[in-house]
Amino acid sequence: MPHADLNERQREAVLATEGPILVIAGAGSGKTRVLTERIGHLIADLRVSPYEILAFTFTNKAAREMKERLERVHPGSTEMLWVGTFHATGVRILRRHGDGAGVRRDFSIYDTDDSTGLVKAILARNPNDARFVKSPRVLRDIISRMKNDLVTPELAAERAVSNGEQRVAALYAEYERDLRKANALDFDDLINKVVELFAARDDVRELYARHFRYVLVDEFQDTNPIQMAMIDGLASYHGNLFVVGDDDQSIYSWRGARVEHILEFEEVYPATKVIRLEQNYRSTQTILDAANGVIAHNQGRKGKNLWTDGGVGDKVRVTACLDEESEALSVIDLVKREVSAGTSLKQIAILYRTNAQSRALEDVFKMGSMPYQIIGAVRFYERTEVRDILAYCKCIVNPADSINLKRIINVPRRGIGKTTIDQLEALAADRGVALVDAMREAQSTLGAAAASRVQSFLALFDELRRMADTEVAPHVIDAILKATQYHKHLEENYPDFEARVENVDELVSAAHSYAEGAEDKSLRAFLEEVALVADVDTLDLESGQLTLMTIHNAKGLEFDAVIVTGMEEGLFPHYNSIDDPTAVEEERRLFYVGMTRARQRLYVTFAAMRRRMGMMEGGMPSRFLNEIPERTLESPIEPVASPSVYGGAWSPRREYSRSLRDEYAQPEAADSYSQEASVAPSRPTALPAAEVSGGSEHNYEVGMRIRHDRFGAGIVRKVEGRGEQTRVTVIFDAGSERKFLVHYAPMRPL
DNA sequence: TGGTAGAGGCTTTTT
DNA sequence: GCCTCTACCA
């Protein structure tokens, strides 16, 4: 019998194929499995053509995995299947029928950075309006938010009450005009334009609505109004709309997501069948109890209680740390303990609220030679050198893209400076043409020297354009690098050019591997792929490394052991949310998502002090910690205040100067701190300057020869700190210089 | 035009 | 504490 190992509810969800269906799927309740088996059931049992099935996932990675699973069970079924993110699906539709909404088929996709550049240019043109806006990025976010809420520039102007709002609406209108002029769509447009298309052309809407007999949506709690409109249009003919979500895991309201889409689904689609999945197959009962206890503090929820018939498991361990550095050391300790207990590194995740927290962790992991991968901190495709090359690619494909043309017009330096560019832009604005056309027309108006430099840039540009017509993406990129001597540019301008060269090489190899797999190997197609990849998409869970990422990025993933760090008021919940009860509830859901990523063991850490924008600040333990039921904790959470250290109180937002901090971090003080403050029985061995037995086993001295397991032999250049925090700087024979924590690094004297 | 130094902003989360 | 932008000088 098919689907025999599903539980009753899951089977119901798989087999209920007709009409609107809402599945409330708790964390770890097997929803991915339900989604794939349901598609399998449609294809194999009901003989539905894969071509008639459309599934929305939250990331490209989730889409790929769903396809792979299906392919294993039903070989050949996925080729015609439409599975992807809203954005990717939008692109697919717009490439075919975009002209119905005034979108040319060869449009470019502007990422966040491109959009910000465009906003910046608009603000520069409108200095009087600029004062109504905090920064280009803020305006870009405001515009994005309006787009996600189906607010057009006209509507924004109508609704504007204050002068500031009117100016914003005007800037928004100008932004839209400039996007059209550049033949570009921003991220939001990829969905927006589909909705416009369906509204403007009923025949096109009906074409797609008839085509897709079955529409499935994963992570439904995180859909925003514009995505909802797109779903609605696509399901408008057959009405077989299957959505899966969890109101407790709604964490994208800042992007316009509306949890109401779940809560009110039954009203919008009256004949809805609701199925609840509450049996959890992922975590231990203890972890579920802990997570249930926390989320129960939220008011605005439908209410559900996850349970498992698996084991009780280990208690949750909370570790108090002095600052972010000792927190990182504690994390290493926890990881080492996990590894010696048999957990593989790839089954361990370190999670945090903000990307900025990754730096302190990364520094310590590097020095301890702990292999790790970070998702999302500095995104690969946002690095300067990668963006430069991509900017070349973008304006080669789309010469109307003045923003990207401006980016590279003088990179590497070719003597086309600010003065010339200003003149060219003025001319472009004057004639209402793209920057590249202004360059062609400017020969008479520019000075002779500038004119000839512009001329030779155009020659290079046109040559590359010709090439892109016929050559595959990796060849064009190679040609760009050669023609611009880009490597030389990196070497001459950046001390860390080696890493940058590596990044460029990585881009080239990405283009190569893309060209190997893809049908359309053109530069345009490659750019499209690049624009839509998210960082999680590159996550490699088989690499045997520890994974670090934000909780947002961890959505949908699971690990044997999870360490959630930085549990402090102001950080988690974040300052920006702390005064708004609704926002705090979202922060709580975020913590809930983090907790429920864990299968076997959950660890939580927090620090008494943390460097924030360069300033050392004291913080209070997060309110969420007190919401974890005590019976699920290994030991109760004690207040970390230690009078002798902190002068009586551990107050929030108190600032400590560096000298003050150093003064208090003296061994005696730190010792009394660690005795009183350590919460976990196995206190982090890394509290500052704590005397550690065996701390003297590392007798490194300057000038000593050492061997490191990964980097080979070298000479000690510098020794700092004491005990477990002893750091040595080593110059390796291979030439590189690195810093290590001797306690953790696989290194010994020779 | 290009280099540099100092100021200022930034850190919420992302397709 | 780091990155980006700007102002000023060579």
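The shown structure was predicted, so the numbers you read here are calculated from the model rather than taken from an experiment. Labels below follow one simple rule: chain letters A, B, ... track the order of the sequence lines, proteins then strands, and each chain is numbered from 1.
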Separation of B/dT13 atom P from A/Glu586 atom CD, nearest Å, is 14 Å

Short side-chain N/O contact to B/dT11 OP1/OP2 from A/Arg137, under 4.0 Å: yes

C1' spacing across the pair B/dT11 / C/dT6, given as an integer number of angstrom: 23 Å

Residues at least two apart in sequence or cross-chain that pass side chain to side chain contact (heavy atoms under 4.5 Å, CB included) with A/Met439, listed by chain then number, are A/Leu405, A/Ile409, A/Leu424, A/Val454, A/Phe457, A/Leu458

Using a heavy-atom cut-off of 4.0 Å across all strands, would you classify A/Asn355 as base, sugar-phosphate, or nothing?
sugar-phosphate

Expected string for nucleotides 1-9 of chain B under the B/S/- scheme (protein heavy atoms, under 4.0 Å, primed atoms plus P, OP1, OP2 as sugar-phosphate) is SSS------

Those residues at least two apart in sequence (or on a different chain) that pass salt bridge (charged side-chain N to carboxylate O under 4.0 Å, His left out) with A/Arg125 are A/Glu174, A/Asp178

Sequence neighbours excluded, the answer for side chain to side chain donor-acceptor pair (under 3.5 Å) partners of A/Asp388 is A/Arg407, A/Tyr486

Does A/Arg589 reach a base, just sugar-phosphate, or nothing at all? Heavy atoms under 4.0 Å.
nothing

Walking DNA chain B from its 5' end, the first of A/Ala88 and A/His574 to be reached, judged by nearest nucleotide, is A/His574

Next on the checklist: Please confirm whether the shortest side-chain N or O distance from A/Asn60 to OP1 or OP2 of B/dT15 is below 4.0 Å.
Outcome noted: no

>> For a quick check of understanding: with a heavy-atom distance under 4.0 Å over all strands, which category does A/Phe86 fall into, base, sugar-phosphate or nothing?
In response: nothing

inquiry  = Is there a side-chain contact between A/Lys555 and the phosphate of B/dT14, meaning an N or O under 4.0 Å from OP1 or OP2?
reply    = no

To the nearest angstrom, the CZ-P distance between A/Arg140 and B/dT14 comes to 13 Å

Separation of B/dT15 atom C1' from A/Met230 atom CE, nearest Å, is 12 Å

On DNA chain B, more 5' by nearest nucleotide between A/Thr112 and A/Arg359 is A/Arg359

note: A/Arg383, atom CZ; C/dC2, atom P; distance rounded to Å ~ 16 Å

Side chain to side chain contact (heavy atoms under 4.5 Å, CB included) filter on A/Ala450, not counting sequence neighbours, yields A/Thr420, A/Leu446

In whole angstroms, the gap separating C1' of B/dT14 from CG of A/Asn148 amounts to 11 Å

Would you say a side-chain N or O of A/Asn553 is under 4.0 Å from OP1 or OP2 of B/dT13? no

Here the distance between atom P of C/dG1 and atom CG of A/Asp323, to the nearest Å, is 13 Å

In whole angstroms, the gap separating P of C/dC3 from CZ of A/Arg387 amounts to 17 Å

Quiz item: Would you call A/Trp254 stacked on B/dT13, i.e. ring centres under 5.5 Å apart with the planes less than 30° off parallel?
Solution: yes

Rounded to whole Å, the NE2-P distance (A/His552 to B/dT11) equals 15 Å

* State yes or no: are the ring centers of A/Tyr252 and A/His552 separated by less than 6.0 Å? => yes

### Message
Would you say A/Thr550 places a side-chain N or O within less than 4.0 Å of OP1 or OP2 belonging to B/dT14?
### Response
yes

Fill in: Basic-acidic side-chain contact under 4.0 Å: A/Asp363, A/Lys739
no

Taken in chain and number order and not counting sequence neighbours, the residues that satisfy ring-ring contact (aromatic ring centres under 6.0 Å, His included) with A/Tyr110 are none

Closest to the side chain of A/Ala356, out of B/dT11, B/dT15, B/dT14, is B/dT11

**Q.** No-hydrogen, no-angle side-chain donor-acceptor test under 3.5 Å, A/Glu425 and A/Gln423
**A.** no

